[in-house]
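To keep things clear, I will list the structure first and then write my remarks on it.
Just so it is clear, the structure is predicted and the values come from calculations on it, not from any experiment. Chain naming here is simple, since letters A, B, ... match the order of the sequence lines and numbering starts at 1 in each. Values reported hereafter were calculated over all heavy atoms of this structure, with side chains retained and with hydrogens, waters and symmetry mates removed.
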Amino acid sequence: MLKRTHHCGQLRLTDAGKSVVVTGWVQSYRDHGNLVFFDVRDREGLTQLVFDPETSPESHQLARTVRCEWVIAAAGTVRPRGEGLENPKLATGQIEVVVERFEILNMAKTPPFELDNASRTNEETRLMYRYLDLRRPEVQQRLRVRHRVTSLARRYFDEKGFWEIETPMLAKSTPEGARDFLVPSRLVRNTFYALPQSPQLFKQILMVGGVDKYFQIVRCFRDEDPRADRQAEFTQIDVEMSFVDVDDVIAIHSELVARIWKEVLGVEVALPIRRMSYAEAMADYGIDRPDVRFDMKLKDISDLARQTTFKVFTSCIENGGVVKGLCAPSGEFYSRSDIEKTLTTLVTDFGAKGLAWLKVKMEDGAPTFIGGIGKFFSDDLGRQLVQRFGAKDGDVLMLVADQESIANKALAPLRCRIARDLKLYDPKSFAFLWVVDFPLFEWNADEKRYDSLHHPFTAPVPEDLGKLETDPAHIRSQAYDIVVNGSEIGGGSIRIHRPEVQQKVFDLLNISRKQAEDRFGFFLKALDYGAPPHGGIAFGLDRLTMLLTGTENIRDVIAFPKTQRGQCLMTDAPSEVDSKQLDELNLRTQKHLHAVEPKPEN
RNA sequence: GGGGCCGUAGCUCAAUUGGUGAGAGCAUCGGACUGUCGAUCCGAAGGUUGUGGGUUCGAGCCCCAUCGGCCUCGCCA
């Protein structure tokens, strides 16, 4: 077999005259009967081969039989292309390889889709033939970025004294948070492992074990319905450190993020990265992961709305709700129907009852309102309203009246949608942010107890410790999320390292001693044996890569992704198993049960 | 569990209000051709319109069910 000397995509004018061997897949061939041209592709690019019957009649003859995607090796001489024959579209377009020896390493069936048109091909077909889609430069570019991030992270953490340590994939089910994937045990009948939702407890126990600094690039599993930006199995860059506080964790990971952006995109991230409190994020953006590439802050106008004659507003406030909204510098962009159909649908999808709007018209410095609900505002209230938003002529005020949580939930995506429509930011830019001072708990009205906002091992800020007894709702936690362009790419916290505080938190979460013992007993026991103060963070590698590659589809950054039903179209997983396998596991499916004991008719 | 969009040749799409024989580009196959690079030119082949019912003289088009893909609410950090 001819041994490769150069990658396709590597050769330049300066290589002219060299004898080289390139290998790869035939991207296209152009057969002129006499001269034959190939574009050969490998991971690094394309090279044009020329087959001339006068140079090598055997190679030329063989080349004429070749088809797209066949695997070939060609030995020849690098030659500058003639005047006017260069191809500026190719990095190697200044040269070509005149083939002297040629081997067909493998033939290939005609692909089910054309690789150069694959971006327009049905994703279903591409997933079924993932190995063909993977040959495309765009797809490989994303995998390359992902690799750069992981390899950089490994170098970075090694430099900083972290150890990469693996934690079990077959772990204990702790039915908190997301649904677990279960794995039946053969040796211990009727018991199950769970695939880890994250290595949370293991990494904390590593700290108790004196490891001091840990990281892992680790697969995590959560059996919940997928979305464009999440699927059931995903990868975290998982980190834990001992004897640190919030500032330490933020500093070391700000630097990591800055290095990633610098190395992958050449983008300088200004350090320190800005911090924003959870309270500020919710008030101004309605969400704990605000996109701060643009301003257009939300404003609470409950105090003004209360004084209007608009019953929707006044009764909402009487019922403990708020009126909150934003000012869209719309000009003529949104028609009445855009607002009342498209944008209203958007907010109602998130639970709001409607979208109130009014368009500002300034006459001699005094505002009047066109359309919508302007008539419910007196002149004085109107002036205050315009002042509150800093609205200008042509702006449209959009308001949601509801419970604060619903208003926020509806307004946050509305704000992003409007900013995108009105092009209020450069889509290529990045805005980084640490969100801090999260509440430790949120009240769960259905269950009449508190829920952890982060997770039950998050430490309160020390000065709020006293409120564990008196005012749990207002305890701040030592948690932090890093947000880029409205996307949370990582989050973590300083952990509770004192058993009595941990117990207190379980009490507030309404987790009984018995439940705590059953689920986390091993962990609580570890805390009893001298746990150092510690904290950590986990980054979502998939989302990180999505941001760096500018895609909105998580399947684009995963080599072998799954569909919305969690299936792999290439391997056809999940699939049924032999009854023998089930027997060994002491399992029987309901399907089999029904086969044995059919339900009576009707 | 709910809502929305989609499914026609290998791929991407077309097909008037339900009306003759479901078309085109690319890919494929055969032929021609000395500089192409989305090669070009000539020719050929390629279809259970996702599947199953129904309405109708007649269904790619209308109705019902079902399968699959994507987006989304719930769910999920």
Side-chain angles (χ1 to χ4, degrees), chain A residues 27-40 46-55 60 64 67-69 79 81-90 92-93 96 98 109-129 132-133 176-180 197-198 200 220-232 234 236 288-289 345-352 409-410 413 435 438 451-455 458 479-483 487-493 537-540 542-543 552-555 561-565 567 569:
Chain A
Q27 161 113 346
S28 68
Y29 59 91
R30 297 173 289 278
D31 182 353
H32 288 250
N34 207 322
L35 281 185
V36 175
F37 300 93
F38 283 5
D39 289 340
V40 192
L46 291 175
T47 296
Q48 173 165 285
L49 306 183
V50 193
F51 297 85
D52 187 333
E54 291 178 15
T55 309
H60 175 261
R64 295 197 69 188
R67 294 295 177 263
C68 284
E69 299 306 319
R79 178 167 80 185
R81 296 200 193 182
E83 186 85 12
L85 298 175
E86 304 92 345
N87 184 352
K89 290 183 206 160
L90 295 187
T92 59
E96 62 196 359
V98 186
K109 282 179 143 178
T110 303
F113 56 92
E114 291 162 64
L115 266 61
D116 24 347
N117 282 341
S119 55
R120 286 189 282 128
T121 299
N122 209 334
E123 193 176 10
E124 203 174 340
T125 311
R126 282 164 28 217
L127 288 175
M128 220 174 284
Y129 297 90
L132 297 180
D133 208 23
E176 284 286 302
R179 194 177 294 118
D180 281 328
Q197 297 186 22
S198 79
Q200 185 62 37
C220 303
F221 305 87
R222 290 175 191 159
D223 189 7
E224 299 293 347
D225 290 3
R227 284 288 185 279
D229 64 348
R230 66 176 211 231
Q231 67 160 41
F234 60 98
Q236 285 188 346
D288 61 359
R289 47 179 172 88
T345 303
L346 192 149
V347 296
T348 54
D349 279 351
F350 287 91
K409 202 161 201 183
V435 178
F438 285 81
D451 280 340
S452 291
L453 203 72
H454 201 71
H455 58 54
T458 302
Y480 30 80
D481 280 355
I482 182 165
V483 174
S487 184
E488 186 216 310
I489 59 165
S493 60
I537 192 167
F539 284 86
D542 309 278
R543 281 193 197 164
E552 299 197 335
N553 181 340
I554 195 171
R555 293 178 300 278
K562 295 192 164 56
T563 69
Q564 281 235 323
R565 297 175 70 231
Q567 293 181 303
L569 299 181

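Here A:H32 does not count as stacked on B:rG35, because the ring centres are not under 5.5 angstrom apart with planes under 30°. Stacking between A:F37 and B:rU36 is shown: the ring centroid lies under 5.5 Å from the centre of the six-membered base ring, and the planes differ by under 30°.
Residues satisfying the salt bridge (Lys or Arg N to Asp or Glu O under 4.0 Å) test with A:R555, not counting sequence neighbours, are A:E123.
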Treat primed atoms plus P, OP1 and OP2 as sugar-phosphate and everything else as base, then score nucleotides 43-49 of chain B 5' to 3': B for base contact with protein heavy atoms under 4.0 Å, S for sugar-phosphate contact only, - for none.
-------
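B:rC61 and B:rC41 have their C1' atoms separated by 38 Å, with the value rounded to a whole Å.
Across all strands shown, B:rG19 forms a Watson-Crick or G-U wobble pair, both distances under 3.5 Å, with B:rC57.
A:R230 has no side-chain polar atom (N or O) that falls below the 4.0 Å cut-off from OP1 or OP2 of B:rC71. Between A:Q48 and B:rU36 there is no side-chain polar atom (N or O) within less than 4.0 angstrom of OP1 or OP2. The phosphate of B:rG38 has OP1 or OP2 within less than 4.0 Å of a side-chain N or O from A:K89. Look at A:R67 and you'll find a side-chain N or O under 4.0 angstrom from OP1 or OP2 of B:rC29. Dashed line: the shortest gap from a side-chain N or O of A:Q567 to OP1 or OP2 of B:rG69 is under 4.0 Å.
Nucleic acid contact for A:L453: base, since at least one base atom lies under 4.0 Å from a heavy atom of the residue.
Between the base of B:rG35 and the side chain of A:R79 there is a donor-acceptor pair shorter than 3.5 Å. Counting atom types as modelled, A:E124 pairs no side-chain N or O with a base atom of B:rG50 as donor and acceptor under 3.5 Å. Below the 3.5 angstrom threshold, one finds no donor paired with an acceptor across the side chain of A:R126 and the base of B:rC11.
Both A:K409 and A:N87 lie close to RNA chain B; mapped to their nearest nucleotides by heavy-atom distance, the more 5′-ward contact belongs to A:N87.
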Which protein N or O atoms sit under 3.5 Å from an N or O of nucleotides 1-5 of chain B?
from: B:rG1; atom 1: O6; to: A:D225; atom 2: OD2; distance (Å): 3.3

